[in-house]
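Written out below as structure tokens is the structure these notes cover.
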There are 2 protein chains.
Amino acid sequence: MSARHEEIAEALRQAIDGGVYAVGALLPSESELAARYGVARGTVRQAVAALTAEGRVGSRQGARRVVLGNHRSQSFAELRSFAQWAQSMGRTATGRVIEQFRRPADDEDVLRLQLEPGAEVLQVLRVRGLDGERVLVERNVYPAWVADTVERLPRDCKSVVQALYDEVGLVFAYGEHVIDAVAAGTRDAELLGMRRGAPLLRIRRVTTTHAGRPIEWSDDRYRPGSVTFAIHNSIGSNPLSRRAATDDPPREL
Amino acid sequence: MSARHEEIAEALRQAIDGGVYAVGALLPSESELAARYGVARGTVRQAVAALTAEGRVGSRQGARRVVLGNHRSQSFAELRSFAQWAQSMGRTATGRVIEQFRRPADDEDVLRLQLEPGAEVLQVLRVRGLDGERVLVERNVYPAWVADTVERLPRDCKSVVQALYDEVGLVFAYGEHVIDAVAAGTRDAELLGMRRGAPLLRIRRVTTTHAGRPIEWSDDRYRPGSVTFAIHNSIGSNPLSRRAATDDPPREL
DNA sequence: GAGTGGTCTAGACCACCTG
DNA sequence: AGGTGGTCTAGACCACTCT
């Protein structure tokens, strides 16, 4: 938060949330903001670009920026682990390992984790909860080079992401998430206390290091109603994409 | 595509897709790209910022940019309507109005569309398909000020968004989407040819004009397997929460 | 036509990563 | 220590919107 443009962005966020600029109202022009904060116009542009990306203001050439909303929505804007996300919402995350074993990589593992055929992977099945309520079933697959460290973690480890950072300095830097819906399998139903076949929100994710090396892939199945995901979207640009059905058939683990 | 930074971004995209820069490889430095394309560094930064937002490259201070992937997923960023998105993928979208009627706004309508209590809305139930296959059930609610125009559209109108633009110059500029999973109701099941209770991916959306005025809200229920949604994600500027600066510096593998 | 945001330049300094 | 990306400046011109 030391960068000047971030300070300005935060000041504008608070002004919007505080009602100084109502929803539907116009923001001051870039030049005026530049004068007000004593910075160059480019710095103001960096600040308002952040608000635009968050969906708080809209922007079009030739017209003043418009305040679109003052929601403090928690989206995928930043890569957060479940535990970290929960914490930032002021809630308590729990986690428990149900099952954990090594096995040879199958075709899907080889593809997603960029492994050599025949490599070994570590599969972990976890149930995670929020404030004591069971919320999701998580199936992770780790390549061999992180398996040892993961296996050494306590089985009720609250945040695997945090633990791997603390233990070996491993950073979960980038993620790609694919979202769809799936019926609860027998195992899912049992673990979440729902009936078999109930709808679950599924997020399949590959996480990589800064260098783009895959650290894990995961199949997370959320009980609906406990967590929702929001995306803001403009005619300009934002990081959600829609794709036609691909070559990944659902499978039961 | 006339802006120089967009041309450069597109050139880099093609270089990545064409294998000039493999996944995991490093991009040339900003200075080198600036020299190569004969532009200032700021222009190169605009170009690579686009690639970063698309999840194609990763970026961190002090290190060269890394190629993360070469996906060719159509960006949903441009807030395309279903029909426009389908067309850009070379597929054929169909749509059919099942039911269309006016009714008084309920509490949900008033909230989402920012209406006065007692206002009238137009509700439309549509089924949409891709290449002849039924893919989603769409329930739209329009405020009175667009209802007339929507009612006049043909019942098999392929793209309502396009039609409203052509007819009255109305631009669907911003959207907020909330994603969850839901069980198919009797009506959903019937219309999509599935069994009742089957899992559907639900996206509830409010779309607004440039000025932030709501144009519609919609409850779209997708049959799983036909369309998936993807999000790219990076840790951004916020380093993975804190730890003591004295001991074990982060390592990268 | 006046005002606004979008693009672009040509510098500068700093924070950070890597050898 | 040298290179790289992140921040910032102070201009300029253009495309667009608004009235």
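Every heavy atom of this structure was used, including side-chain atoms; hydrogens, water molecules and symmetry mates were not. Note that the structure is predicted; figures quoted are calculated from it, not measured. Within every chain, numbering begins at 1; the chains are lettered A, B, ... in the order of the sequence lines, protein sequences first and strands thereafter.
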Selection from C:dC8, D:dG6, D:dC8 that lies nearest to any side-chain heavy atom of B:Arg45: D:dG6

Atom OH of B:Tyr37 to atom C1' of C:dC8: distance rounded to whole Å? 17 Å

Mind calculating the distance between CD (A:Glu7) and C1' (D:dC8) to the nearest angstrom? 13 Å

Once you round it to whole Å, what is the distance between P of D:dT4 and CZ of B:Arg64? 5 Å

Could you point out which residue of A:Val67, A:Leu68, A:Asp17 forms a side-chain contact (heavy atoms from CB on, under 4.5 Å) with A:Arg56? A:Asp17

Using the test salt bridge (charged side-chain N to carboxylate O under 4.0 Å, His left out), find all partners of B:Arg102 that sit at least two apart in sequence or belong to another chain. B:Glu120, B:Asp148, B:Glu151

Which residues in residues 23-34 of chain B have a heavy atom closer than 4.0 Å to any atom of DNA chain C? none

Looking only at side-chain atoms of A:Arg4, point me to the closest of C:dC8, C:dT9, D:dC8. D:dC8

D:dT9 phosphate, OP1 or OP2: any side-chain N/O from A:Thr43 under 4.0 angstrom? yes

Using a 4.0 Å heavy-atom cut-off to protein, can you give one letter per nucleotide of nucleotides 12-19 of chain D, 5' to 3': B if the base is in contact, S if only the sugar-phosphate is, - if neither? B--BBSS-

Set of salt bridge (charged side-chain N to carboxylate O under 4.0 Å, His left out) partners for A:Arg60, sequence neighbours left out: none

Suppose we screen for salt bridge (charged side-chain N to carboxylate O under 4.0 Å, His left out). Which residues come up paired with A:Arg64, at least two apart in sequence or across chains? none

For A:Asp220, give me all partners under salt bridge (charged side-chain N to carboxylate O under 4.0 Å, His left out), at least two apart in sequence or on another chain. A:Arg205

Check whether any side-chain N or O of A:Arg4 sits under 3.5 Å from a backbone N or O of A:Tyr37 as a donor-acceptor pair, and report yes or no. yes

Just the rounded figure in Å: distance from P of C:dT7 to CD of A:Gln46. 15 Å

Would you check if B:His210 and B:Val171 make a side-chain contact, meaning some heavy-atom pair closer than 4.5 Å? yes

With rounding to the nearest 0.5 Å, note down the distance linking CD1 in B:Ile179 to CD1 in A:Ile203. 8.0 Å

